[in-house]
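Everything below concerns the one structure shown next.
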Amino acid sequence: MTHAPDEHDLHAYIDGRLDPARRAEVEAWLARQPERLAELQAWQRDAQQLRAGLAGALPPPEPALDPARLRAGLARRRSARYAVAAAVLLSLGVGGIGGWQAREWSRPAAPAMLAGAPMADAIAAHRLFAARHDLRTDAVAGDVQSWLDANFREPMRLPDLSAAGYRPVGARALSTDQGAAALVVYQDPAGAAISFYIRPPGPRHHMLPRGDRRDGGLLAQYWSRGGYNYAMVSAGDDTSEQIVRRALQAI
């Protein structure tokens with residue numbers, strides 16, 4: 001290998017976008033880096049878990065991560081009778097599209113995983129787009145609240161994390177089997193990320209009591225308000241936890 005893979009190479013490897021020669025080089029490098037290989041495999045599991053939770057489908061095999069196949073699937077959905085004005089299928093390699101009308105799709109019920117792990121999709125979305133700094137935005141800093149107001153029915157105001165140095169840098173439209181969802185990413189000057197997640201509660205109107213849970217070094221603090229389920233996901237350290245708690249106490 002002429003040089004070790006950088007983050008761009010590793011993300012392209014996961015997305016299946018490397019040419020065969022470079023892919024072979026990356027695989028050879030990963031064979032000598034078991035810890036890095038384990039991390040990449042965890043990213044792939046997060047992607048599969050997120051698709052399963054949001055789309056109501058079983059995790060597809062690895063070839064389904066190919067962006068061309070995902071774009072083709074999105075095109076078919078747009079032309080089908082369940083298409084929305086500008087729905088977004090959340091998955092690796094697929095960019096978000098803003099300005100949609102929320103509509104439920106006829107799909108199988110979400111896996112039991114989500115019932116037993118509140119806001120598992122919020123944690124998976126944070127890992128994929130906030131922690132990896134891989135957010136393709138539908139709304140940019142300064143316009144995030146108005147974007148939420150335009151696409152959700154009376155969403156809550158975004159929590160203010162500015163006292164701790166965090167400001168919204170963008171948002172991404174997502175899709176669940178219950179309807180539209182969204183991820184808002186905050187960053188501080190050092191690039192540390194905290195995310196805000198909003199999704200509908202589903203046909204059974206399953207609202208969440210205020211609570212929190214830890215998952216792989218991340219902390220999700222979740223609640224329900226005004227017809228939506230919410231979560232804020234941060235690093236699990238005491239400082240990040242208190243930043244979010246103080247912001248939530250003020251709203």
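Here the structure is a predicted model, which means the values were calculated and not measured. Only this structure's heavy atoms are used, side chains among them; waters, hydrogens and symmetry mates stay out. For reference, positions follow the sequence shown, starting with 1.
Under a 4.0 Å N-O distance rule, the pair Arg225/Glu154 does not qualify as a salt bridge. Between Asp160 and Arg246 there is no salt bridge, since no side-chain N of the basic residue sits under 4.0 Å from a carboxylate O of the acidic one. Taking a cutoff of 4.0 Å between a charged side-chain nitrogen and a carboxylate oxygen, Asp188 and Arg167 do not qualify as a salt bridge.
Arg213 places a side-chain N or O within 3.5 Å of a backbone atom of Pro118 that can act as its donor or acceptor partner. Under the 3.5 Å distance criterion, the side-chain polar atoms of Ser224 are matched with a main-chain donor or acceptor of Leu208. Remark: the backbone N or O of Gly165 is not paired with any side-chain donor or acceptor of Ser162 at under 3.5 angstrom. Between the side chain of Ser146 and the backbone N or O of Asp143 there is at least one donor-acceptor pair closer than 3.5 Å. With hydrogens and angles disregarded, a donor-acceptor distance shorter than 3.5 Å links the side chain of Asp138 to the backbone of Ala173. Without hydrogens or angle criteria, Tyr230 side chain to Arg199 main chain gives no donor-acceptor distance under 3.5 Å.
Under the 4.5 Å side-chain criterion, counting only non-hydrogen atoms from C-beta, Ile243 is in contact with Tyr166. Side-chain contact check for Leu148 versus Val184: some heavy-atom pair is nearer than 4.5 Å. By the 4.5 Å heavy-atom criterion applied to side chains, Leu219 and Gln221 are counted as neighbours. Side chains of Met119 and Trp223 form no contact here, defined as non-hydrogen atoms less than 4.5 Å apart. With contacts defined as side-chain heavy-atom distances shorter than 4.5 Å, the pair Tyr186/Phe196 qualifies.
Nearest approach of Arg22 to Pro5, heavy atoms of both residues: NH2-CA, 3.6 Å. Nearest heavy atoms, Leu161 versus Ala247: CD2-CB, 3.2 Å. A pairwise comparison of heavy atoms in Ala130 and Ala193 identifies O-CB, 3.9 Å as the closest pair.
Surrounding CG of Asp19 are more than 12 heavy atoms belonging to other residues, nucleotides or ligands, all under 6.0 Å away.
Note on ring orientation: taking the six-membered ring where Trp is involved, the planes of Phe152 and Tyr228 are perpendicular (angle over 60°, cut-offs 30° and 60°).
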